[in-house]
Amino acid sequence: MLGSAVQNVIALTDSVFLYHVSESDFAAIGLVGVFYLIIAAIGYSFSKGGQIIIARRAGEQRPGQVGRTFYALLYFALGLAGIMFCFMQYGGRPFFDTFVQSEVIFEKCIAYLEPRSYGVFFSYVGVCIIALYTGVARTSFIVIDTVILAVVNILLNYGLIYGKWGLPEMGIAGAGLASTIAEAVAFVVFAVYILFDRKARTYHLFRLPRVDLKLIVRIFKLSGPVVVQTIVGLGSWFVFFTFIEGMGERALAISNLARMVYLVLSIPCWGYASGINTLVSNFIGMQKRQVVVPIIWKTAKITLATTMAIALPIILFPTFFLYPLLGGGDMTLIQEARPVLYILLVILVMFSFGGIYFNGLSGTGATRQALYIQLAATLLYVLYTFVVVKVLQLNLVWVWSVEIAYWAVALSLTTWYLWSRRWYGTVV
């Protein structure tokens, strides 16, 4: 769960500290945070293809191929990180200028993005390492590394945003720099762990292979649809927030608070979703396709139970939990966000089933079919949001209800495809 939620943890930490700077900073991090989440998720999505292949090779008892797949994934990720870095450095300003109406929000988004863009290299290498250890079902150190990342990010956020401990007072730019440094530290810690990991030798991790273009192409073909899913899915979420930005800074600040809660409460689902990728691919590698659908169903129920155990207290008593989390401040923002939080509870129920089933389908290797499902759900999502915000001009509760419709469509189509058994012939 923690390994899948690295960017969620960073986004939450940045938002909490910027909440005390100004409402415009808090609103801006909500928008630029979603943008960077898309960039990070592209790398994470490519790593899912590598993770599926690694899990399949582990199920086939071919450990030497595990390391070979890891390095193919790593080489590709580094090249992709270079492209994304250039896009953020040179294309970020015209990109945000196209979507953002407020000049204040625009400048704060750019101030955050400039130092944050350097973190893409550490982020992409980090998800490759997470894909390796998740694929071979050895995830214990991911927890430790994520905790280290979170602690470093919290300390540096405090120092660089507010100018404490002799550090410069950088505001929202300090949040971007703090998150980048935290990712670099987390990468170094994991690299040291790999050096002392005896089992890493069985995967041939200390034999640097040549660039295997055929394997990279195979990973790309498997991951490509997943990446498009991510761009389409999170891209539509970025559009969603730009629509809300047009409703005013207050509406954007309320939605960013709801986004923070959503990021925290969705951590169990993302963790179980990553696990179901490995389980499904591993069992198929052992020629046990008949257990795939029952495993997905059981995992979805566990996800719902875990999510609700965390979500119900926070959403039903938001002032008790969120006010201390935000360190005090504007209580009216929490009060105004209550109706959106209630809708969020329904969204989480749909997400618990939709997210697990969707990732279970990706674990079978049927990523192209998953892409078609994503496109259908996203088309409805964007049309629904446009009608509610631009045409009917309804309130935030109606705007956020689009998430319910999205997951309802995704879950229905994914369930139908899994039960059809058309994925049985998919080869990875």
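Throughout, numbering of the chain's residues begins at 1 and tracks the sequence. Because the structure is a prediction, the values reported are computed rather than measured.
Here the side chain of Thr414 pairs a donor or acceptor atom with the backbone of Ala410 at under 3.5 angstrom. No donor-acceptor pair closer than 3.5 Å links the side chain of Glu169 to the backbone N or O of Leu160. Between the side chain of Ser266 and the main chain of Cys269, no donor-acceptor pair closer than 3.5 Å is present. Distance alone, capped at 3.5 Å, is enough to place a donor-acceptor pair between the Ser117 side chain and the Glu114 backbone. The closest donor-acceptor contact from the side chain of Thr180 to the backbone of Pro115 lies under 3.5 Å.
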Decide yes or no on ring-ring contact (aromatic ring centres under 6.0 Å, His included) for Phe96 and Phe35, but give the supporting numbers first.
CA-CA 10 Å; Phe96 276 91; Phe35 173 80; 4.9 Å; yes
Kindly indicate, with the supporting measurements, whether the criterion side chain to side chain contact (heavy atoms under 4.5 Å, CB included) is fulfilled by Met308 and Val349.
CA-CA 8 Å; Met308 289 299 104; Val349 172; 4.0 Å; yes
Test Tyr133 against Phe141 for ring-ring contact (aromatic ring centres under 6.0 Å, His included), laying out the working first.
CA-CA 9 Å; Tyr133 279 88; Phe141 193 76; 8.1 Å; no
Set out, in order, the CA-CA distance, both residues' side-chain angles and the distance that settles side chain to side chain contact (heavy atoms under 4.5 Å, CB included) for Trp400 and Ile244, then state yes or no.
CA-CA 10 Å; Trp400 273 86; Ile244 293 176; 4.2 Å; yes
Side chain to side chain contact (heavy atoms under 4.5 Å, CB included) evaluation trace for Val188 with Phe122
CA-CA 9 Å; Val188 171; Phe122 304 108; over 6 Å; no
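When side chains are defined from C-beta on, Phe351 does not count as touching Glu403, because their heavy atoms never get closer than 4.5 Å. With a 4.5 Å cut-off on side-chain heavy atoms, Tyr118 and Gln89 count as touching. Within the 4.5 Å cutoff, side-chain heavy atoms of Ile129 are placed close to those of Phe70. Side-chain contact check for Leu344 versus Val340: every heavy-atom pair is 4.5 Å or farther apart. Annotation: side chain of Tyr417 is not in contact with side chain of Leu413 (no heavy-atom distance under 4.5 Å). Ile142 places a side-chain heavy atom less than 4.5 Å from the side chain of Phe190. Proximity of Leu380 to Tyr406: side-chain heavy atoms (C-beta onward) are nowhere separated by under 4.5 Å. When side chains are defined from C-beta on, Pro339 does not count as touching Leu396, because their heavy atoms never get closer than 4.5 Å.
Here the CG-SG distance, from Leu73 to Cys128, works out to 3.5 Å after rounding to the nearest 0.5 Å. Atom OG1 of residue Thr303 and atom CH2 of residue Trp270 lie 12.0 Å apart, to the nearest 0.5 angstrom. Rounded to the nearest 0.5 Å, atoms CD1 (Ile347) and CG (Leu265) are 11.0 Å apart. The distance from the CG atom of Asn359 to the CD1 atom of Ile296 is 9.5 Å, given to the nearest 0.5 Å. With values rounded to the nearest 0.5 angstrom, Ile39 atom CD1 is found 12.5 Å from Phe85 atom CZ. Note that OG1 of Thr146 is 5.5 Å distant from CD1 of Ile130, once rounded to the nearest 0.5 Å.
Of all heavy-atom pairs spanning Ala186 and Asp145, the tightest one is O-OD1, 2.9 Å. The two residues Ile310 and Pro268 make their nearest non-hydrogen contact at CD1-CG, 3.8 Å. Here the shortest heavy-atom pairing between Ile172 and Ala28 reads CD1-CB, 4.1 Å. Scanning all heavy atoms of the two residues, the minimum distance from Ala81 to Phe121 falls at CB-CD2, 3.7 Å. Considering all non-hydrogen atoms of both residues, Ser123 and Glu183 come closest at CB-OE2, 3.7 Å. Minimum heavy-atom separation, Tyr124 to Val127: O-CG2, 3.1 Å.
Checking Thr306 against Tyr272 by side-chain atom types alone, a donor-acceptor pair falls below 3.5 Å.
Residue pairs meeting the side-chain hydrogen bond (donor to acceptor under 3.5 Å, both in side chains) criterion with at least one partner in residues 336-356, sequence neighbours excluded, are Arg250-Glu336, Gln335-Arg338, Arg338-Tyr342. Pairs passing the side-chain hydrogen bond (donor to acceptor under 3.5 Å, both in side chains) check and including a residue from residues 157-168, sequence neighbours excluded, read Asp14-Asn157, Asn153-Asn157.
Here the options are Leu411, Ile276, Ile373, the test is side chain to side chain contact (heavy atoms under 4.5 Å, CB included), and the partner is Tyr357; only Leu411 passes.
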Just list the side-chain donor-acceptor pairs under 3.5 Å for residues 385-395, sequence neighbours left out, or say none.
unit_1	atom_1	unit_2	atom_2	d
Thr385	OG1	Tyr381	O	2.8
Asn395	OD1	Val397	N	3.2
Asn395	OD1	Trp398	N	3.3

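Below 30°, between 30° and 60°, or above 60°: for Tyr75 and Tyr71 the angle between ring planes is between 30° and 60°, a tilted geometry.
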